[in-house]
Structure formats: C-alpha cells, structure tokens
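Below, chains carry the letters A, B, ... as their sequence lines are ordered, and counting in each starts from 1.
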Protein chains: 2
Amino acid sequence: MSPAETAALHRLEERERTLRRGAALVRENDAATELFILKRGMMMSFVILDDGSRQILRFLFPGDMIALSAIAYPRAPESVAALSDSVVCAFERPLLARIAADQPRLFAAVVALDQMERVALTDRLAGLGRTSAKARVASVLLEVRNRLRRLDPALGDSFVPGLTQEEIGDATGLTAVHVNRMLRQLEEERLIARESGRVTFLDEARLARAANHVDRLSGLDLSWLPAPTAG
Amino acid sequence: MSPAETAALHRLEERERTLRRGAALVRENDAATELFILKRGMMMSFVILDDGSRQILRFLFPGDMIALSAIAYPRAPESVAALSDSVVCAFERPLLARIAADQPRLFAAVVALDQMERVALTDRLAGLGRTSAKARVASVLLEVRNRLRRLDPALGDSFVPGLTQEEIGDATGLTAVHVNRMLRQLEEERLIARESGRVTFLDEARLARAANHVDRLSGLDLSWLPAPTAG
DNA sequence: CGTTCTGTTGATCGAACTCAACTAGTGTGG
DNA sequence: CCACACTAGTTGAGTTCGATCAACAGAACG
C-alpha cells in the first residue's frame, strides 16, 4: 500500500464514538450522511417488520464497513445497534467521494470488501430459504467463530458467541424457544458442548456438514486492480 | 454525463452474446474473469445446495450488472441462467479496473447501483426469515411487475411474469405445490386474477400490504459524488 | 430483594411439506 | 398426422417441522 493510501485510511479513522451494549448507531430511515468503520466490539444490522418482528441481516465485527448504502440512499435502509460495548469511527460521505476520485485502487478494495459481504448475504439467503432450523443455528455458530478467529488467529474450538438465543433466532428466522431446542440437539449429538455461554465445537467437520456450510475463505483476487498511483 | 463517460459505457457493450431460455451463462465455481450487463430478456442468479434444492438469489432485468463479485472472487459464487431468451454484453475485468481509475464518478455510480441491489437482497432476506408464504409469493409478483414497469412505464396492472411456479418457489423458499395454493388464495381473495400465465393486480394497495412490501423507489441521492472529470 | 432478562421445558397448534394422482398444453419424432 | 413424452399446473390426504402458549428457574441488576 502506498503512503497516500495509508494516509487516506487514517483520515477515515479520526473521529471515534463509543457505544454501550444495546445502543443504536443508525435507525432505519435516518438521514444517511455518515459512514462508519467498526473498531472494537460486535454489532448487528437489522430491520423491524410491520408485525414487530426483527430480522438480523448481518453481524458486524471490527474492520467492517457500516452503512455503505449511504452511497446510494439518502436514508438508512436498515438499523444498526451494538451487541457488545463497541467503538466505531465515523466519517462523512464526501470523504469517501474524495477517496473514490483520488485513490481508485483503495476505493476498488472497499468495493471488493463489500462484495464479500454481499456473497455472505446470499449464503445466508440460501440458508434461510432452503435449510433446516438446526442447520441455520449451526451456521450462525460457525460464522461467529470464524469471524472471531480472523481477529484472533489463536482462537480454537471454544469461544463465547456473545449472542442471546433470541438474537440467534432473529438472525435465523426462528423463535428463541426453537433455537434453544436446536442448541440442545446439537449438544445431544455431541457436535458442540456448552457451559455458561461458552460454546465448544466437538466435531467441527460434522458441524459444518450439518450447517451446509460453504467455506469462502479461498483468498481474494485483487491482482487485476490498477497499479498504485504515485504519492 | 460527460462524453468520456458515455464512451466508457459504450466500450462495455461491444461484445454481445445471445442465450436461449434455460441456458447457463455462469456456473458456480467457474473462473470469474468476465462481467456482463444484461441487454434484453430476463435471467436469474441462484445456488444449488448439497441436497439438490435450488435457491434463486435474484431476478435480473435489462440494465442489471452480472457477476460483479468477480471484483473480489476468483471463482463465481453463484450460477446465472436465462429465464427467457436473452442478450448480454460481456467485458473483461481489467476494463472495469480502467473505469475505476479513469472515471471515478462513473465507477461510483456502478457501486451505487450495486448497493441498491444489496438493499433488495436484504429486503428479500427479511421476507424469507419473517413473512408468510402468501406474503412472499405476493412480493415476487410485485417485484417482477415493478421491474418490468421500469422498462416499460406504460405497463399497467396486467403482465406476464414469465416464471414457472417452481421458479417462484425456488425464489421464495417454498415448494411449487405450495406456491400454487398461495396463488389460488390470492385469487380467491380478489387480490389478483390469472388467465394462462397472465397476472392482473386487482387491488395493488392491499396486495402490497399482504406482501409486507417496502417501496424503495424514493430517488437515489448521488449528489455527493465528485464532479465530472474533463473530456 | 423484587424485577427483569435469559434460558429451559412441556403441550398443543398450524403452516408448509411430501406423496400421489390427474389434467392440459406442447412438442417432436416416426 | 398422430402417438408418445414431457412440462407445467392442479388438487387431495396425511405428515412434520417449527410456532405458540405457558410455566418456571437462575442470573443479573438496580
């Protein structure tokens, strides 16, 4: 990465904001002039339907870009709230425009990251449409563990998801009661173990199979991007 | 739009390819070096799960960009096939890179379009997770009509979806049998009428309510984009 | 030290699936 | 030109998965 690109990235991270668990960062239909990068903690984006039910669209981890849809929409299409105490960096829309103009390679990388998220979204869509409740719950566990491990490569088979069963339900389109039964079933089948909020994968291969899990980790390919611009 | 931008757009549309109904354009895991713009016809992107079931991720209409995920992934994460006889324009990845570098404003517009599609995807996700079978079927009908109307503003309440009930089922996570029953129910409730493949909306307001439909048409906001570059 | 949140468990209900049979339209090859 | 096959749609009967309702236990918390 060139010095100019590094500088541009740092400019995005000047203004920090702290959020407590449960706090809202963006509300649906808010005017969308700000974008964010999650610095620390875990957040979620979601929508509330007419009948009051909630669908969690995405879990957010440090490094994730929040509210990129502000590129196209004047109002936020989804809400964002903190699942744990979190820190975000806020920046204004025009700053991104300047990057698009001055640092095309950097902007293309942002777009590429967004594509990865889009693919994750389609995987989730396929899961919701076509897999069993047990598979969806297993899938959330795998996703969270994998994201956490990207932050701490030393993380093994044991971790604390930091999600309530209701939150897992809202992500998978299930009720909290049924999530509970599915977790219990995964436990009975010796795929996972649980103790006070901590989950341990006992047989990850079998769990991945039960979840219909597709591994997309096979490295990105950004080689086709334009060469770095000078200075 | 500046002349240079127009020229760049035309360069994307030099190579045309024709597809018959049912023909595959991209297969999951294909090497992804090409991108496409749909010129005429209707297509779909989908994935096939381990158990053989299909989840349709997105219906594609003229003007839509196909396989933008090639920006990030070396292999296609989803398949694309023609729902009717179609024409696409193919171009190579590096051509998009050149646009990113030389026409930042144009590239940002591409990104904005992609965001719109991302939002549509999240709306679909919420529908799959949290709405009834009837709502999902109604939602597909509304979506297809609205997209068709964007191409032909004269289109009224009567149209030919050009989808089989099985395809509607694969888009909504339902079986073809149940889609049939839901269509019949919408008919009995006098929300729609059907005759030999043609669908007529009898009470669009009530249909939209039944579908939990969110209208995102409220204009885009691209005003913050950088100024056009010279020539 | 009550109140609230989260998790657990049982009983019952209902939406959507599965399986099966049948019809109508559309080719299509002999 | 017809017989056969194939696709798409329709309908009924029975089953199942996950929702709903309800009750309670423990932890967290002000």
So the side chain to side chain donor-acceptor pair (under 3.5 Å) pairs with at least one residue in residues 126-140 of chain A (sequence neighbours excluded) are A:R130-B:D170, A:K134-A:E189
Those residues at least two apart in sequence (or on a different chain) that pass salt bridge (charged side-chain N to carboxylate O under 4.0 Å, His left out) with A:E13 are A:K39
Protein-proximity profile, nucleotides 7-19 of chain D, B/S/- by nucleotide at the 4.0 Å heavy-atom cutoff, equals -SSBBBB----BS
Heavy-atom contacts, protein to nucleotides 24-30 of chain D, under 4.0 Å, summarised as B (base), S (sugar-phosphate only) or - (none) per nt, yield -------
Got a sec, which residues hit side-chain contact (heavy atoms from CB on, under 4.5 Å) with [X], two or more places apart in sequence or on another chain?
{"X": "B:L9", "answer": "B:M1, B:L12, B:L106"}
{"X": "B:V160", "answer": "B:R198"}
{"X": "A:V177", "answer": "A:T175, A:R181"}
{"X": "A:R184", "answer": "A:N180, A:E187, A:E188, A:R194"}

Assert yes or no for the condition that the ring centre distance of A:F201 to A:F159 is strictly below 6.0 Å.
-> yes
A:R150 meets the side chain to side chain donor-acceptor pair (under 3.5 Å) criterion, sequence neighbours left out, with none
Residues at least two apart in sequence or cross-chain that pass side chain to side chain donor-acceptor pair (under 3.5 Å) with A:E204, listed by chain then number, are A:R145
Applying ring pair (Phe, Tyr, Trp, His ring centres under 6.0 Å) to A:F59 and not counting sequence neighbours gives none
Rounding to the nearest 10°, end axes of the helix from C:dC1-D:dG30 to C:dG30-D:dC1 built from five pairs each make an angle of 40°
